[in-house]
Amino acid sequence: QDRKDLRDLPLITIDGKTAKDFDDAIYAEKFESGFRIYVAIADVSHYVKQHSAIDDEAYKRGTSTYFPNFVVPMLPEKLSNGICSLNPNVDRLSLVSEVEIDFTGTIQSKKVYEAVIKSHARVTYGEAQEVIDGHTPSSIEHVADVILLGADIAKILMSKRFREGSLDFDIPETQVVVDDAGYAIDIQRAERVFSNRLIEEFMLLTN
């Protein structure tokens, strides 16, 4: 009730292959003077009220903690992986940042509002990169245009940031490989591709 209905908008989530909770979805469209960007964030506050028992426990934890083979979530998994996760093809409540930029990346207008959305695809960073590289997996052909336009916009936003003196801390990350018993057997450099930066640029714009 009283939320903007964006369920027909083909928003998508782009996350790591092992992710189970999807807290942001994106969509963008081009028009005569620039681009309109939508970033939908899961509206956890609709379900977790301030000073409730769950809120107090989440405040103590501060964040979800990620280990090589499991996660200690900030919220109960029935929330974080369930009703508060922007899973594909189901209605979800969200806060939406709608931003219009011109072709140089300069913000022309912005607004934030409550909405109900429906993610049209769960995309991994690897799949998104395949689309960007020209090898679209058949399972996400219906949202390939969203990814390609998002990549173009991310390049514009990055270029604007660097022109204005933004620093780029592209620090290598590692991932620990564990066996079935939970023992570490290797440490590898985590693969980082442009689709990661696509989401980062959209998040920076939203913030």
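In this chain, numbering begins with 1 at the start of the sequence shown.
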* Between atom CD1 of Ile14 and atom OH of Tyr125, what is the distance when rounded to the nearest 0.5 Å? -> 7.5 Å
* Note, Glu130 side chain near Thr136 side chain (heavy atom, < 4.5 Å) -> no
* To do: Check for a donor-acceptor pair, side chain of Asp56 on one end and backbone N or O of Ala53 on the other, with a separation under 3.5 Å.
  => no
* State, to 0.1 Å, how close Val131 and Ala144 come at their nearest heavy-atom pair, and which atoms those are. => CG1-O, 3.8 Å
* Considering all heavy atoms of both residues, which atom of Thr104 and which atom of Arg163 are nearest to each other, and what is their separation? -> O-NH2, 3.6 Å
* Under a 4.0 Å N-O cut-off, is there an ion pair linking Lys110 with Glu100? -> no
* **Sub-4.5 Å side-chain heavy-atom contact between Leu198 and Ile26** => yes
* Tyr27 versus Glu29: any side-chain heavy-atom pair under 4.5 Å? -> yes
* Would you give the length of the straight line joining atom OG of Ser85 to atom NZ of Lys20, rounded to the nearest 0.5 angstrom? => 11.0 Å
* Out of curiosity, Leu167 CG to Phe169 CZ, how far, rounded to the nearest 0.5 Å? -> 4.5 Å
* Asked: Does the Asp179 side chain pair with the main chain of Tyr183, one donor and one acceptor, at a distance under 3.5 Å?
  -> yes
* Please round to the nearest 0.5 Å and tell me the distance separating atom CG of Asp8 and atom CG of Leu6. => 9.0 Å
* Ser94 (side chain) donor-acceptor with Val96 (main chain) under 3.5 angstrom -> no
* To do: Indicate whether the side chain of Gln108 and that of Asp102 have a donor and an acceptor atom separated by less than 3.5 Å.
  => yes
* Asked: Applying the side-chain hydrogen bond (donor to acceptor under 3.5 Å, both in side chains) test to Glu201, which of Lys160, Arg161, Lys155 qualifies?
  -> Arg161
* Structure fact -> Residues at least two apart in sequence or cross-chain that pass salt bridge (Lys or Arg N to Asp or Glu O under 4.0 Å) with Glu173, listed by chain then number, are none
* To do: Using the rule that two of Ile, Leu, Val, Met, Phe, Trp, Tyr join whenever any of their side-chain heavy atoms come within less than 4.5 Å, decide whether Val123 and Leu148 are in one cluster.
  => yes
* To do: Could you tell me whether a side-chain N or O of Thr206 sits under 3.5 Å from a main-chain N or O of Val39, the two making a donor and an acceptor?
  => no
* To do: Please report the closest heavy-atom contact between Ala184 and Val176, naming both atoms and the distance.
  => CB-CG1, 3.7 Å
* Got a donor-acceptor contact below 3.5 angstrom from the His120 side chain to the His142 backbone? -> no
* **Minimum heavy-atom distance between Tyr113 and Glu98, given as atom pair plus value** => OH-OE1, 2.6 Å
* What distance separates Asn207 CG from Ser97 OG, expressed to the nearest 0.5 Å? -> 9.0 Å
* To do: Decide yes or no for Val72 and Tyr66: does some side-chain heavy atom of the first lie under 4.5 Å from some side-chain heavy atom of the second?
  => no
* State whether the number of non-hydrogen atoms from other residues, nucleotides or ligands found under 6.0 Å of Ile187 atom CD1 is greater than 12. => no
* Find out if a path of hydrophobic residues (ILVMFWY) with successive side-chain heavy-atom gaps under 4.5 Å connects Leu93 to Leu11. => no
* To do: Can you establish whether the number of heavy atoms outside Glu191 located under 6.0 Å from its atom CD is more than 12?
  => no
* Asked: If only atom types and distance count, is the side chain of Thr124 paired as donor or acceptor with the main-chain N or O of Lys17 below 3.5 Å?
  -> no
* Criterion side-chain contact (heavy atoms from CB on, under 4.5 Å) on Ile101 and Leu157, from CA distance to verdict -> CA-CA 9 Å; Ile101 63 173; Leu157 294 171; 4.0 Å; yes
* Asked: Quick one: side chain to side chain donor-acceptor pair (under 3.5 Å) partners of Asp43, sequence neighbours excluded?
  -> Arg3, Ser45
* Is atom CG of Asp145 surrounded by more than 12 heavy atoms (other residues, nucleotides or ligands) closer than 6.0 Å? -> no
* To do: Check whether any side-chain heavy atom of Leu9 sits under 4.5 Å from a side-chain heavy atom of Ile117, and report yes or no.
  => no
* Asked: With a 4.5 Å limit on heavy-atom distance, are the side chains of Arg92 and Asn87 in contact?
  -> yes
* Find out whether the Lys NZ or Arg CZ of Lys30 is both under 6.0 angstrom from the six-membered ring centre of Phe35 and within 45° of the ring's axis. => no
* Flag yes if Phe103 and Met158 sit in one hydrophobic cluster, no otherwise; membership is Ile, Leu, Val, Met, Phe, Trp, Tyr, and two members link when side-chain heavy atoms are under 4.5 Å apart. => yes
* To do: Determine yes or no for a side-chain-to-main-chain donor-acceptor pair under 3.5 angstrom, with Ser52 supplying the side chain and Lys49 the backbone.
  => yes
* **Cluster overlap Leu79 with Leu86, hydrophobic side-chain contacts below 4.5 Å** => no
* To do: Apply side-chain contact (heavy atoms from CB on, under 4.5 Å) to the pair Ser64 and Val71, showing each step before the final yes or no.
  => CA-CA 7 Å; Ser64 296; Val71 178; 4.2 Å; yes
* Is it true that a side-chain atom of Glu57 and a backbone atom of Ile54 form a donor plus acceptor pair closer than 3.5 Å? -> no
* Asked: Does Tyr59 OH have over 12 foreign heavy atoms under 6.0 Å away?
  -> no
* Phe202 and Ile153: side-chain contact (heavy atoms from CB on, under 4.5 Å), yes or no, with the steps? -> CA-CA 9 Å; Phe202 276 46; Ile153 293 171; 4.0 Å; yes
* Structure fact -> Arg189 meets the side chain to side chain donor-acceptor pair (under 3.5 Å) criterion, sequence neighbours left out, with none
* Over 12 non-hydrogen atoms of neighbours within 6.0 angstrom of CG in Asn89 -> yes
* To do: Applying side-chain contact (heavy atoms from CB on, under 4.5 Å), run through Ile147 and Ile140 and close with a yes or a no.
  => CA-CA 10 Å; Ile147 297 168; Ile140 57 171; 4.2 Å; yes
* **Least distance between heavy atoms, Asp24 atom then Thr13 atom** => O-CG2, 3.4 Å
* Validation row: Cys84, Tyr47 side chains within 4.5 angstrom (heavy atoms) -> yes
* **Which atom of Phe194 lies closest to which atom of Ala154, heavy atoms considered** => CZ-CB, 4.0 Å
* Taking NZ, NE, NH1 and NH2 as the nitrogens, is one of them in Asp168 or Arg197 under 4.0 Å from a carboxylate oxygen of the other? -> yes
* Asked: Can you find a pair of side-chain heavy atoms, one from Leu75 and one from Val44, that are under 4.5 Å apart?
  -> yes
* Asked: Shared ILVMFWY cluster between Ile199 and Ile156, side chains joined below 4.5 angstrom?
  -> yes
* Report yes or no: is the cationic atom of Arg122 (NZ for Lys, CZ for Arg) under 6.0 Å from the centre of the six-membered ring of Phe22, at an angle within 45° of the ring normal? => no
* salt bridge (Lys or Arg N to Asp or Glu O under 4.0 Å) evaluation trace for Arg192 with Glu200 -> CA-CA 12 Å; Arg192 180 172 164 79; Glu200 288 171 4; 2.8 Å; yes
* To do: Give, for atom OG of Ser195 and atom CD of Glu127, the distance between the pair rounded to the nearest 0.5 Å.
  => 10.0 Å
